[in-house]
Amino acid sequence: MRFLLVPVVLCIWESASVAQTPPEFRDWNQFPASFHWQHELVSGSNDEQTFQLGHVIFSCSDSMMNPQQKSIPLGAVAPVAEVVAVSEPDAAYLALINQQRQQKLACQFQKARLVPLGDSELVDNPGFRWEVTWKLIPIYGGLIEAPSRIQLFVSAEGKPIPHKRYLIDAVSLKLPRPKPDPEVNPRFRHTQAPKIWLCSTLKLGTEKTRSQHRLSLTEIQDRGRKAFQEMIDLLHSKSQADSFQFRFVNMQSARLPWSMGADGKIAYLNVWAVNFQSVKAKETQTPADIFTVWVTPDGTVSRLQILDERDRN
Amino acid sequence: MRRFIVLTVIVLSPFSNLWGDPELRPDPMLLRWKLFPGPNLSVNKLIPDADPQSSCMIESLIFASPKEKRSDSEHSRESLETVVPAETAFKIAEPDKAVKALISQHFSQDHRFKLDAVELVSHRQSGYRWNVIWSLWPERGGFTGVPFRYRVAVTARGELIVPDCYQFDSYALPKHKRWLCSLLKLEFPEVTKKQGKNEVRVKPTKKQIEERGIEALGNFLVKVNTDLGGQPVQFHLLDCRAIELPMRVDPDGKMKTIKIWGVNFKQILGPDIRKTKDFFTVWLSEYGTVSELKTVPVQW
């Protein structure tokens with residue numbers, strides 16, 4: 001009997017640590033799978049390598065990856081063992097991945113690719129860059145959603161090139177299907193109803209998000225509500241989508257594992273989540289996506305954008 | 001007058017390859033590949049043992065590296081620290097003059113090898129392996145689309161994994177939704193000597209090669225027609241040609257070639273079907289070994 005107690009206790013201990021995912025991420029809906037405008041939120045250009053895990057976009061621009069200083073020849077690049085060790089996600093990175101994926105994952109080394117940055121026939125020393133691919137494996141088994149492989153960059157000298165991180169949220173508003181006049185448009189083919197996406201993007205890790213100055217809770221909430229109201233006014237006027245009404249739900253605190261502190265413990269980044277919900281959902285009784293306006297403790301509000309699919313097709 | 005002649009020679013010498021040097025004029029069997037390119041398949045659909053990350057198909061040549069070597073897995077997995085550095089792998093994997101000549105012959109123009117990447121891949125069973133990948137760019141231009149890539153594998157200890165080279169031909173059967181394929185492994189005759197005795201192998205004559213080709217295709221078509229049903233597929237003999245393929249450079253710098261035979265067949269099509277210039281080549285080695293004949297389903 002006693003022998004059974006020990007493994008039972010261990011099982012409960014393990015599952016408790018997973019259940020300790022902070023509540024502000026646990027009761028949110030999954031990030032909509034049909035959202036594919038990540039590049040718009042991050043830079044608007046296509047020269048970024050990005051991947052998204054949950055509500056965080058990791059992005060690396062080409063200029064960050066191509067050094068301007070003197071290039072290193074092939075014989076002098078950092079050895080592969082060093083490169084792989086340096087690129088391995090540390091405990092804080094893993095904690096962030098686990099939190100956003102709501103799953104306990106481990107990283108497994110897949111391959112390390114040394115890529116020349118230019119044409120060696122045109123340029124004397126084009127320089128190199130390492131790209132290390134890690135596979136994300138669920139510890140308790142089960143399915144994993146895309147992406148299951150992430151690519152991390154290391155310079156030729158062996159210094160990691162970390163991705164920029166953005167905290168985002170997106171909610172889609174479905175517009176009625178266009179009903180064309182068959183006399184005017186005899187060749188019209190039925191397409192999917194276009195959507196309007198409300199997006200909120202906060203760049204993490206900048207000086208502003210790490211400053212010590214804190215505003216009071218009411219001030220934070222006011223800033224969040226004001227920014228949201230401006231966006232909704234724009235939605236109603238410019239996009240002519242009057243039927244979408246929103247109401248304020250609540251304000252929550254969110255804590256993201258950020259980096260390893262000097263004492264070996266994980267240092268966290270605090271962000272406020274000011275949550276809104278569509279009023280229509282209450283009538284139709286569909287579980288509504290919560291739209292979050294992110295506000296840092298010192299009052300920086302995330303950038304709010306309206307992406308109208310009607311403009312883009 | 002003399003100066004004029006010298007000048008003319010100097011000015012015109014770079015253009016000597018336009019003269020129609022008979023060695024550079026492509027053989028019609030290879031040239032046909034430009035008009036009728038084969039199926040867009042990964043190598044291990046045709047050669048099941050090939051490792052897709054270090055095998056490649058360039059025009060009608062296939063370079064197939066074997067998958068992970070099982071013998072390495074008996075020892076404990078080497079650690080990343082003992083793997084040879086990237087530069088060593090790159091130098092070892094550099095394609096020699098014979099490979100470049102073989103590829104140029106198939107394209108009927110020289111190509112520049114541009115380094116794409118040197119990657120270290122972790123295989124579960126056999127530890128680590130380096131793959132070196134080049135993309136091919138035609139010297140005289142005229143390129144569209146995705147470049148061909150030449151891939152070679154090097155073990156973690158720095159040994160080159162020499163790929164098997166195959167000459168390949170395919171013919172489309174759109175009504176049956178299949179490709180007919182002929183795959184000949186290119187190797188020097190010494191390799192195929194029987195153990196023990198040094199058999200003096202007789203090289204078949206052109207007529208004998210033709211007969212072997214007809215017989216092999218006939219047997220193959222019987223099997224294909226029973227398997228596929230529908231309209232029976234029939235071919236008639238077109239001609240039989242030999243080509244020399246550069247395979248190896250000797251230590252003294254001389255290029256060694258092997259000769260292979262291609263027995264060409266044209267499909268007998270009904271009167272209502274559009275005529276095509278396409279033909280199917282059954283490859284045979286110099287000593288009469290017939291290539292592997294098989295069908296592959298069409299994939300869109």
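Lettering follows sequence order; numbering is per chain, from 1.
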### Query
Looking only at side chains, do A/T133 and A/Q110 share a donor and an acceptor under 3.5 Å apart?
no
#### Entry: Proximal component of B/V118, with respect to chain A [non-hydrogen, under 4.5 Å]
both
#### Entry: Pairs meeting criterion salt bridge (charged side-chain N to carboxylate O under 4.0 Å, His left out) with involvement of residues 84-98 of chain A, two or more places apart
none
### Task
Would you mind checking which part of A/P79 comes under 4.5 Å of any heavy atom in chain B, side chain (CB onward), backbone (N, CA, C, O), both or neither?
neither
### Task
Identify, with sequence neighbours excluded, every residue that meets side chain to side chain contact (heavy atoms under 4.5 Å, CB included) alongside A/P73.
A/A76, A/N125
### Query
Does any heavy atom of chain B fall under 4.5 Å from the side chain of A/V84, the backbone, both, or neither of them?
side chain
### Query
Between B/E119 and A/K111, is there a salt bridge with N-O shorter than 4.0 Å?
yes
### Message
Run the salt bridge (charged side-chain N to carboxylate O under 4.0 Å, His left out) test against A/E82 and tell me which residues pass, sequence neighbours left out.
### Response
none
### Task
For a side chain to side chain contact (heavy atoms under 4.5 Å, CB included) with B/L160, tell me which candidate from B/V132, B/V152, B/T155 qualifies.
B/V152
### Summary
Ordered numerically, the heavy-atom neighbours of chain A under 4.5 Å found in residues 52-61 of chain B are none
### Message
Which label fits A/F153 and A/H163: parallel for a plane angle under 30°, tilted from 30 to 60°, or perpendicular past 60°?
### Response
tilted
